[in-house]
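For the single chain, residues carry numbers from 1 onward in sequence order.
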Amino acid sequence: MFCRNCGKEIDNNIVSCPYCNTYVASTQQQDDFKDSGSIGWGFLGCCIPLVGLILYLVWKDTKPLCAKKAGIGAAIGVAVYVLLSIVFFIFMVYLFAAIGNYPYYYY
């Protein structure tokens, strides 16, 4: 691994560069995680839109591909929820209108 500050080759297991004394452990941990943009983050965002929105806001600068998938999933989840709510409302109005117009026979 190379130091991001001075550019000299350093050991992978050290916390700070021995040449310039720059802290390098956090950059090594960031390099270990690949920003794959997996569809799993989109699925999670679709199923639980609030989590997708939070992941988007947290990752938008550090992991843009994963953040984009989670944000798109959250947007789709919210759109599906709104659409299903409208369909349910229309169904309930139709159902109550049909019940109200039902002819009652009294014997």
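For the pair Cys17 and Ile14, the tightest heavy-atom approach, listed with the atom from each and the gap, is CA-CD1, 4.3 Å. Of all the heavy atoms in Cys20 and Cys6, the pair that sits closest is SG-SG, 3.9 Å.
Looking only at side-chain heavy atoms (C-beta outward), Pro18 and Ile10 come within less than 4.5 Å of each other. Side-chain contact between Ile72 and Tyr56 is absent, with no heavy-atom pair separated by less than 4.5 Å. In this structure, Leu53 and Val78 have side chains that are not in contact, with every pair of non-hydrogen atoms separated by 4.5 Å or more.
Hydrophobic clustering (side-chain heavy atoms under 4.5 Å, transitive across Ile, Leu, Val, Met, Phe, Trp, Tyr) keeps Trp59 apart from Phe43. Note on Ile90: it clusters hydrophobically with Val82, by side-chain heavy-atom contacts below 4.5 Å among ILVMFWY residues. When hydrophobic clusters are built by joining Ile, Leu, Val, Met, Phe, Trp and Tyr residues whose side-chain heavy atoms come closer than 4.5 Å, directly or via intermediates, Leu57 is not grouped with Leu50. Linking Ile, Leu, Val, Met, Phe, Trp and Tyr residues whenever their side-chain heavy atoms come within less than 4.5 Å places Leu55 and Val58 in a single cluster.
Distance check: Lys69 NZ to Leu44 CG gives 14.0 Å after rounding to the nearest 0.5 Å. The CD1 atom of Ile76 sits 6.0 Å away from atom SG of Cys46, with the distance rounded to the nearest 0.5 Å. Taken from OH in Tyr81 to CD1 in Ile86, the straight-line distance is 11.0 Å, to the nearest 0.5 Å.
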